[in-house]
Amino acid sequence: MKISSALVFALILPIIRAQVPHWGPCPEPAVQPAFNLKQFLGRWFEIAKLPAQFEKGRCIETNFTLKTDNSIQVVSSEILKGELRKIEGSGVIEDLKNPAKMGISYSYVLPFSPYWILSTDYVNSALVYSCTDILRLFHVDFAWILGRTRTLPDSTIQKAMEIFAQNNIDVSRMTPSRQQGCEKSL
(Lines give C-alpha, C1' and ligand atoms only; values in the text may rest on other atoms or scores of the structure.)
Protein backbone atom coordinates (compact mmCIF):
# COMPACT_ATOMS: atom_id res chain seq x y z
CA MET A 1 0.00 0.00 0.00
CA LYS A 2 2.89 2.38 0.71
CA ILE A 3 4.19 1.97 -2.82
CA SER A 4 0.81 2.71 -4.43
CA SER A 5 0.25 5.80 -2.26
CA ALA A 6 3.73 7.03 -3.09
CA LEU A 7 3.13 6.38 -6.79
CA VAL A 8 -0.17 8.29 -6.76
CA PHE A 9 1.51 11.19 -4.97
CA ALA A 10 4.41 11.16 -7.44
CA LEU A 11 2.00 11.26 -10.38
CA ILE A 12 -0.10 14.14 -9.06
CA LEU A 13 2.73 16.24 -7.64
CA PRO A 14 3.56 17.89 -10.98
CA ILE A 15 -0.10 18.78 -11.43
CA ILE A 16 -0.37 20.57 -8.11
CA ARG A 17 3.10 22.10 -7.98
CA ALA A 18 2.02 25.55 -9.15
CA GLN A 19 -1.39 25.28 -7.54
CA VAL A 20 -2.54 25.88 -3.99
CA PRO A 21 -3.04 22.50 -2.25
CA HIS A 22 -4.73 22.20 1.16
CA TRP A 23 -5.40 19.24 3.43
CA GLY A 24 -8.92 17.87 3.57
CA PRO A 25 -11.84 18.06 1.16
CA CYS A 26 -12.98 21.16 -0.71
CA PRO A 27 -14.90 23.78 1.22
CA GLU A 28 -18.55 24.40 0.24
CA PRO A 29 -18.75 28.18 -0.10
CA ALA A 30 -22.01 30.05 -0.51
CA VAL A 31 -22.63 31.09 -4.11
CA GLN A 32 -24.42 34.08 -5.65
CA PRO A 33 -28.10 33.86 -4.77
CA ALA A 34 -30.56 34.24 -7.67
CA PHE A 35 -27.68 34.11 -10.17
CA ASN A 36 -28.63 35.45 -13.61
CA LEU A 37 -26.48 33.89 -16.33
CA LYS A 38 -27.61 36.33 -19.02
CA GLN A 39 -26.38 39.29 -16.96
CA PHE A 40 -23.08 37.50 -16.27
CA LEU A 41 -22.32 36.79 -19.94
CA GLY A 42 -19.77 38.92 -21.74
CA ARG A 43 -16.19 39.99 -21.27
CA TRP A 44 -14.39 39.66 -17.91
CA PHE A 45 -10.81 40.62 -17.10
CA GLU A 46 -8.74 38.77 -14.52
CA ILE A 47 -7.84 41.19 -11.71
CA ALA A 48 -6.27 38.75 -9.21
CA LYS A 49 -5.90 34.98 -8.85
CA LEU A 50 -4.52 32.12 -6.85
CA PRO A 51 -1.55 30.59 -8.70
CA ALA A 52 -2.59 28.43 -11.65
CA GLN A 53 -0.24 26.45 -13.89
CA PHE A 54 -2.46 27.07 -16.89
CA GLU A 55 -2.29 30.88 -16.59
CA LYS A 56 1.22 32.16 -17.15
CA GLY A 57 0.73 35.24 -19.29
CA ARG A 58 -0.65 38.71 -18.84
CA CYS A 59 -3.79 40.49 -20.02
CA ILE A 60 -5.89 37.44 -19.16
CA GLU A 61 -9.55 37.76 -20.05
CA THR A 62 -12.52 35.51 -20.70
CA ASN A 63 -15.60 36.02 -22.82
CA PHE A 64 -18.78 34.07 -22.04
CA THR A 65 -21.52 33.74 -24.68
CA LEU A 66 -24.69 31.68 -24.74
CA LYS A 67 -24.89 29.09 -27.52
CA THR A 68 -28.09 28.00 -29.24
CA ASP A 69 -28.15 24.72 -27.27
CA ASN A 70 -28.06 26.74 -23.99
CA SER A 71 -24.48 25.73 -23.28
CA ILE A 72 -21.92 28.46 -22.73
CA GLN A 73 -19.05 29.23 -25.08
CA VAL A 74 -15.98 30.20 -23.06
CA VAL A 75 -13.06 31.89 -24.84
CA SER A 76 -10.07 32.77 -22.68
CA SER A 77 -6.98 34.59 -23.81
CA GLU A 78 -3.63 35.78 -22.52
CA ILE A 79 -0.52 37.38 -23.91
CA LEU A 80 2.47 35.10 -23.34
CA LYS A 81 5.94 35.88 -24.68
CA GLY A 82 4.48 38.63 -26.87
CA GLU A 83 1.90 36.37 -28.53
CA LEU A 84 -1.87 36.38 -28.08
CA ARG A 85 -2.96 32.88 -27.09
CA LYS A 86 -6.60 31.80 -27.01
CA ILE A 87 -8.33 28.69 -25.81
CA GLU A 88 -11.97 27.84 -26.36
CA GLY A 89 -14.05 25.76 -24.01
CA SER A 90 -17.60 25.17 -23.00
CA GLY A 91 -19.57 25.73 -19.86
CA VAL A 92 -22.73 24.29 -18.41
CA ILE A 93 -24.99 25.02 -15.50
CA GLU A 94 -24.73 21.78 -13.59
CA ASP A 95 -27.81 22.29 -11.39
CA LEU A 96 -30.67 24.46 -12.67
CA LYS A 97 -31.76 25.05 -9.06
CA ASN A 98 -28.34 26.55 -8.33
CA PRO A 99 -27.18 28.22 -11.58
CA ALA A 100 -24.18 29.96 -9.95
CA LYS A 101 -22.51 26.54 -9.83
CA MET A 102 -21.26 26.14 -13.37
CA GLY A 103 -18.81 23.69 -14.87
CA ILE A 104 -16.20 24.60 -17.48
CA SER A 105 -14.05 22.38 -19.67
CA TYR A 106 -11.43 23.30 -22.25
CA SER A 107 -11.17 19.74 -23.57
CA TYR A 108 -13.58 17.18 -24.99
CA VAL A 109 -11.84 14.43 -23.04
CA LEU A 110 -11.70 16.10 -19.61
CA PRO A 111 -14.69 16.47 -17.30
CA PHE A 112 -16.14 19.85 -16.41
CA SER A 113 -14.32 21.60 -13.58
CA PRO A 114 -16.30 23.53 -10.99
CA TYR A 115 -16.65 27.23 -11.78
CA TRP A 116 -18.69 28.73 -9.00
CA ILE A 117 -19.75 32.37 -8.94
CA LEU A 118 -19.56 33.33 -5.26
CA SER A 119 -20.51 36.94 -5.77
CA THR A 120 -21.15 39.36 -8.63
CA ASP A 121 -22.86 42.66 -9.28
CA TYR A 122 -22.75 41.79 -13.03
CA VAL A 123 -21.49 45.25 -14.06
CA ASN A 124 -18.22 45.69 -12.13
CA SER A 125 -16.84 42.57 -10.49
CA ALA A 126 -17.26 38.85 -9.90
CA LEU A 127 -15.64 36.34 -7.53
CA VAL A 128 -15.10 32.85 -8.90
CA TYR A 129 -14.02 29.70 -7.07
CA SER A 130 -13.04 26.24 -8.29
CA CYS A 131 -11.89 23.29 -6.24
CA THR A 132 -10.90 19.69 -6.97
CA ASP A 133 -10.63 16.98 -4.31
CA ILE A 134 -7.70 14.61 -4.61
CA LEU A 135 -8.69 11.31 -2.99
CA ARG A 136 -10.51 13.39 -0.31
CA LEU A 137 -7.10 13.70 1.38
CA PHE A 138 -6.40 17.18 0.07
CA HIS A 139 -7.78 19.61 -2.43
CA VAL A 140 -6.45 22.05 -5.00
CA ASP A 141 -8.33 25.28 -5.38
CA PHE A 142 -8.42 28.26 -7.67
CA ALA A 143 -9.96 31.65 -7.03
CA TRP A 144 -10.28 34.67 -9.24
CA ILE A 145 -11.37 38.24 -8.88
CA LEU A 146 -12.79 39.37 -12.22
CA GLY A 147 -13.70 42.82 -13.46
CA ARG A 148 -15.53 44.27 -16.43
CA THR A 149 -12.55 46.62 -16.74
CA ARG A 150 -8.82 45.84 -16.48
CA THR A 151 -8.59 47.44 -13.02
CA LEU A 152 -10.79 47.60 -9.93
CA PRO A 153 -10.63 49.96 -6.95
CA ASP A 154 -8.56 48.69 -4.02
CA SER A 155 -11.70 48.76 -1.84
CA THR A 156 -13.45 46.31 -4.23
CA ILE A 157 -10.46 43.96 -4.15
CA GLN A 158 -10.31 44.13 -0.35
CA LYS A 159 -14.04 43.33 -0.08
CA ALA A 160 -13.51 40.38 -2.45
CA MET A 161 -10.70 39.03 -0.26
CA GLU A 162 -12.99 39.28 2.77
CA ILE A 163 -15.74 37.32 1.00
CA PHE A 164 -13.29 34.55 0.13
CA ALA A 165 -12.05 34.45 3.75
CA GLN A 166 -15.62 34.32 5.11
CA ASN A 167 -16.09 31.21 2.97
CA ASN A 168 -12.96 29.48 4.36
CA ILE A 169 -11.03 30.01 1.14
CA ASP A 170 -7.36 30.77 1.77
CA VAL A 171 -6.39 33.63 -0.52
CA SER A 172 -3.11 34.48 1.23
CA ARG A 173 -1.26 33.50 -1.99
CA MET A 174 -3.55 35.50 -4.29
CA THR A 175 -1.59 37.72 -6.64
CA PRO A 176 -2.58 40.66 -8.82
CA SER A 177 -2.89 39.85 -12.50
CA ARG A 178 -0.86 41.83 -15.01
CA GLN A 179 -3.24 43.92 -17.09
CA GLN A 180 -0.79 46.54 -18.39
CA GLY A 181 0.27 46.85 -22.04
CA CYS A 182 -2.69 44.90 -23.37
CA GLU A 183 -2.80 46.31 -26.88
CA LYS A 184 -3.70 42.86 -28.28
CA SER A 185 -7.17 41.81 -27.13
CA LEU A 186 -9.73 39.05 -27.37
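This chain uses plain numbering: 1 for the first residue, then up along the sequence. Hydrogens, waters and symmetry mates are skipped; everything else that's a heavy atom, side chains included, is used.
Between the R85 side chain and the G57 main chain, no donor and acceptor come within less than 3.5 Å of each other. N70 places no side-chain N or O within 3.5 Å of a backbone atom of L66 that could act as its donor or acceptor partner. Under the 3.5 Å distance criterion, the side-chain polar atoms of Q179 are left unmatched by any main-chain donor or acceptor of I47. A donor-acceptor contact shorter than 3.5 Å is absent between the side chain of Q73 and the backbone of E88. Put simply, the side chain of N63 never gets that close to the backbone of V75: no donor and acceptor are under 3.5 Å apart. Remark: the backbone N or O of Y129 is not paired with any side-chain donor or acceptor of D141 at under 3.5 angstrom.
Follow the hydrophobic side-chain contacts under 4.5 Å out from M102 and you reach W44 in the same cluster. Put simply, F45 and L41 are part of two different groups of oily side chains (I, L, V, M, F, W, Y) that touch within less than 4.5 Å, one to the next. Linking ILVMFWY side-chain heavy atoms closer than 4.5 Å, directly or via other members, places I87 and V128 in a single hydrophobic cluster. Connection of V92 to F64 is not established within any shared hydrophobic cluster, with ILVMFWY side chains joined at heavy-atom distances below 4.5 Å, either directly or through further cluster members. I60 and I79 are assigned to two separate hydrophobic clusters, defined by single-linkage of ILVMFWY side chains at heavy-atom distances under 4.5 Å.
Sorted by first and then second residue, the side chain to side chain donor-acceptor pair (under 3.5 Å) pairs with a member in residues 92-108 read S76-Y106; sequence neighbours excluded. Listed by first and then second residue, the salt bridge (Lys or Arg N to Asp or Glu O under 4.0 Å) pairs involving residues 159-168 amount to none (not counting sequence neighbours).
In this structure, D154 places its CG atom where only 12 or fewer heavy-atom neighbours from other residues, nucleotides or ligands lie under 6.0 Å away. No more than 12 heavy atoms of other residues, nucleotides or ligands sit less than 6.0 Å from atom NZ of K38.
Between F138 and W23, the angle of the ring planes goes over 60°, which puts this pair in the perpendicular group of the 30/60° scheme.
The shortest heavy-atom contact between L152 and T156 is CD1-CG2, 4.1 Å. Across every non-hydrogen atom of D170 and S172, the tightest pair is OD1-OG, 2.7 Å. Scanning all heavy atoms of the two residues, the minimum distance from D133 to H139 falls at OD1-CB, 3.7 Å.
If you take OG on S130 and CD1 on I169, they are separated by 10.5 Å, rounding to the nearest 0.5 Å. The line from CG of L146 to OG1 of T62 is 7.0 Å long, rounded to the nearest 0.5 Å.
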Kindly indicate, with the supporting measurements, whether the criterion side chain to side chain contact (heavy atoms under 4.5 Å, CB included) is fulfilled by F164 and I145. CA-CA 10 Å; F164 283 125; I145 300 172; 3.9 Å; yes
What side-chain donor-acceptor pairs closer than 3.5 Å can you find for residues 111-123, not counting sequence neighbours?
from, atom 1, to, atom 2, distance (Å)
T120, OG1, Y122, N, 2.9
T120, OG1, S125, O, 2.9
D121, OD1, V123, N, 3.2
D121, OD1, N124, N, 2.8
D121, OD1, S125, N, 3.0
D121, OD2, N124, ND2, 3.1
Y122, OH, N36, N, 2.8

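Using a 4.5 Å heavy-atom cutoff, the side chains of L84 and S77 are in contact. Side-chain atoms of L37 and P99, non-hydrogen and from C-beta on, never get closer than 4.5 Å to each other.
When each of R178, Q180, E61 is checked for a side chain to side chain contact (heavy atoms under 4.5 Å, CB included) with R150, only E61 meets the rule.
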